[in-house]
Asker: 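Take this structure first; my questions come after.
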Amino acid sequence: MQVSKQGEPNYDWSILDSERYYGLKNWGVGYFSIDSEGFLEVRPRRDSQAIRIHEIVAEALSQGYQLPLTIRIQDLLRTRVEELNEQFNAAIKEEGYEGRYRGVFPIKVNQLREVVEEIQAAGKPYHFGLECGSKPELMIALAMHNDQQSLIICNGYKDDSFIRLALTGRLMSKEIYLVVEQLSEVRRIIEISREMGVQPLIGFRIKLSSNGEGKWASSSGDNAKFGLSSSEVMEAVRIVKSSSLENSLRLIHFHIGSQVPDIQTIKKATVEATRFFCELSKLGFPMELIDVGGGLGIDYDGSSSNYESSMNYTQREYVRDIVYTIKYVCSAAGVTVPDIVSESGRAIVAPHSVLVTNVCDRISKKSDSNILINNKTGNPLLQELESILINDHDSSLLERYHDAQQKREEANNLFNLGFLSLSDKADADATYWKICQELLQLAQKQRYTPDELESLPVQIAEKYVCNFSIFQSLLDHWACDQLFPIVPLHRLNEAPEVEATLVDVTCDSEGKIDTFTDIEDERSTLRLHKLKEQEAYYLGIFMVGAYQDIMGDFHNLFGKVDEVHVCLEDNKVDGFYIENSIKGSSINDVLCFTQYDGQRLSQMMKKQLDLAINSELIKPVEGTSLLAQYNNLLQSSTYLGTKNT
Ligand SMILES: *Cc1c(COP(=O)(O)O)cnc(C)c1O
């Protein structure tokens, strides 16, 4: 490890060191890398065309957009769709599999119209379809669906109007499947389709007995919220047969949860579901599709392990295992293989979007060189701390640590009892942190760090205050400890010398990031660059395209962030343009969410200012200008502006 003394630039650091430290070769999988000048770049097609993300930010700022900023790389989204389809097609060819791949995009993973449109456009040659799990999503799917050869799959709990709407799709001869989640839905589907005079297409979601793994494992297993148990399948079969709708049941579906870390889980589930498929086929149903759901992971930490933020398989392996397993089980049962549907959401959309935030301040415990420790009073306690710092008794690390802790506690007690002045307490604190800092540097040079010192890096880490809200933009980090790779967008040719954790701008102590991805295990601090007075410092939070956009909330009334959609400019190695942009919430927007009305608040404000004018607290011209400021703010962003906005 490179430990450089404070203040000395570390010349031993190269771009390769940054690539290694921030794991770009691992989670970046050919999409993200560092250019020769230390800027982070994206290669949307994994080829020579690269865009500096820092330049996208500069362009967006020059067009009047503000940080935090979501950047969507449209070509990357396209690449993800193409890669998944190509991989399935290649595996099908290699295996001599006699069915097709007919993937669908699960809208719930990212509902944004531009995202769905891009996926549809990229998926057109493959007849890539849509999956929906609620009425609003079905309304999107029906209206946006523009390829009669692609599927629409309806999952989730369904009421009569959901079923009716889906069957409207049948009337338009769309291949739209109602996947039965609960037994009661079978009867409703039969009844409503009779009423409408249309033949439904039905799938059964199976409650697998093989359990999932990972954070979202409860989507399967005996206690899952969804799907039919084997006895319910038999009952559903009876109902379908007695209604002479044998021709409608054609699909078996399962979904074992998102971000499945272990390939064995997927293989087992595929075997079990294919067995259901074969049995139903033998019972005389014209079975033609197996839908393997979602679950295909993203290797957020790049460790290729079965750790929660990772996956121990590649996408190619996933695809091949599914094709192979279905073929194997079907051929053992002597049943014709089905077409294969998958509902990969996360794997398609996670990489395409980057959240950019600026570090707007730092909270430091370390005594800066400009905070002088001046023991003017000659307090003996301070002298003792001083002597621990210079180590004039030649003590061990641990001994010095214990002594320092004891002296600091004494200082706190004396302060509370009124025997130590504030300025002496400040000196005691500063010296204590200086000692910790020195102990840490010494410990890092040793092979072995005593346990008690292991928390030191976290204790003395700086806190970088980042202009965003975890609750709005990174909900899964807070809600389920999901990790996302975080990398500075520039200065990657300089050594990062500050061990830091991140805090957001909400007034919630939970609004922080103090676990970071690492190839081995996790990190509790992230090494970042020293802030410069005159230059903004930008961090990119990567792989945030799945789920985060819609699940965020308005905690502290921080609203939606600005976003720009970026496309590659053809025939230019580094060309890009902002195809589209969406302004984030204004203060007025978030106030409306909570039943306030900006205009009314402004009137109320005016009344109060008038009172202040009448009482001669302020002059009328001041009142006018203060009100104008208030009104301007209503239209502005909820996040921190730069110094003079
Ligand atoms: C959420 C969900 C998906 C998407 O899962 P990913 O792991 O994001 O690919 C697919 N199918 C169903 C039924 C879901 O509920």
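Atoms considered below: every heavy atom in the structure, side chains included; atoms not considered: hydrogens, waters and symmetry mates. In each ligand, atom 1 is the first atom listed, and ligand 1 is the first ligand listed. This is a predicted model, so every value here is computed, not measured.
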Asker: Mind checking whether Ala347 has a heavy atom under 4.0 Å from ligand 1?
Answerer: no

Asker: Go through Glu82 and Arg80 one step at a time and tell me if the salt bridge (Lys or Arg N to Asp or Glu O under 4.0 Å) criterion holds.
Answerer: CA-CA 5 Å; Glu82 289 167 358; Arg80 294 300 292 170; over 6 Å; no

Asker: Can you list the ligand 1 atoms lying under 4.0 Å from a non-hydrogen atom of Gly345?
Answerer: 6 (P), 8 (O), 9 (O)

Asker: With Asp159, which of Arg164, Lys135, Arg188 fulfils salt bridge (Lys or Arg N to Asp or Glu O under 4.0 Å)?
Answerer: Lys135

Asker: Checking His555 now: which residues fulfil ring-ring contact (aromatic ring centres under 6.0 Å, His included) with it, not counting sequence neighbours?
Answerer: Phe471

Asker: Is it true that a side-chain atom of Tyr313 and a backbone atom of Gly297 form a donor plus acceptor pair closer than 3.5 Å?
Answerer: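 The answer is yes, because a donor-acceptor pair under 3.5 Å joins these two groups.
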
Asker: Thinking salt bridges, do Glu98 and Lys327 make one under a 4.0 Å N-O criterion?
Answerer: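 Judged by the 4.0 Å cut-off on N to carboxylate O distance, Glu98 and Lys327 do not form a salt bridge.
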
Asker: Is the closest heavy atom of Ala546 to ligand 1 under 4.0 Å?
Answerer: no

Asker: Distance under 4.0 Å to a non-hydrogen atom of Asn155: what atoms of ligand 1 satisfy this?
Answerer: 13 (C)

Asker: Quick one: nearest non-hydrogen protein atom to atom 12 (C) of ligand 1, plus distance?
Answerer: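 Going atom by atom, the protein heavy atom closest to atom 12 (C) of ligand 1 ends up being Glu343 OE1, 3.4 Å.
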
Asker: Does an N or O anywhere in Tyr547 fall below 3.5 Å from an N or O of ligand 1?
Answerer: yes

Asker: Show me which atoms of ligand 1 lie under 4.0 Å from any heavy atom of Arg346.
Answerer: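 Here the atoms of ligand 1 in question are 6 (P), 8 (O), 9 (O).
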
Asker: Would one find more than 12 heavy atoms of other residues, nucleotides or ligands at under 6.0 Å from atom CZ of Arg187?
Answerer: no

Asker: Under 4.0 Å from any heavy atom of Ser344, which atoms of ligand 1 are there?
Answerer: 9 (O)

Asker: For atom 15 (O) of ligand 1, what is the closest protein heavy atom, and at what distance to 0.1 Å?
Answerer: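 The closest one turns out to be Lys108 NZ, 2.5 Å.
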
Asker: Salt-bridged, Glu563 to Arg72, with N to O below 4.0 Å?
Answerer: yes

Asker: Can you tell me which residue pairs pass the ring-ring contact (aromatic ring centres under 6.0 Å, His included) test with a partner in residues 79-105, sequence neighbours excluded?
Answerer: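 Non-adjacent pairs meeting ring-ring contact (aromatic ring centres under 6.0 Å, His included): Phe88-Tyr101.
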
Asker: Does any N/O atom on Ser258 come nearer than 3.5 Å to any N/O atom on ligand 1?
Answerer: yes

Asker: Do Asn155 and Glu343 have a side chain donor and acceptor closer than 3.5 Å?
Answerer: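 Asn155 vs Glu343: donor-acceptor pair found between side chains.
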
Asker: Out of all atoms in ligand 1, which are within 4.0 Å of some heavy atom of Pro106? Include the element for each.
Answerer: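 Contacts of ligand 1 toward Pro106, numbered from 1: 4 (C).
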
Asker: Please indicate whether any nitrogen or oxygen in His253 is less than 3.5 Å from any nitrogen or oxygen in ligand 1.
Answerer: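 Checking ligand 1 against His253, no N or O pair falls under 3.5 Å apart.
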
Asker: Need the ligand 1 atom indices (1-based, order shown) with element for anything under 4.0 Å from a heavy-atom of Gly295.
Answerer: 5 (O), 6 (P), 7 (O), 9 (O)

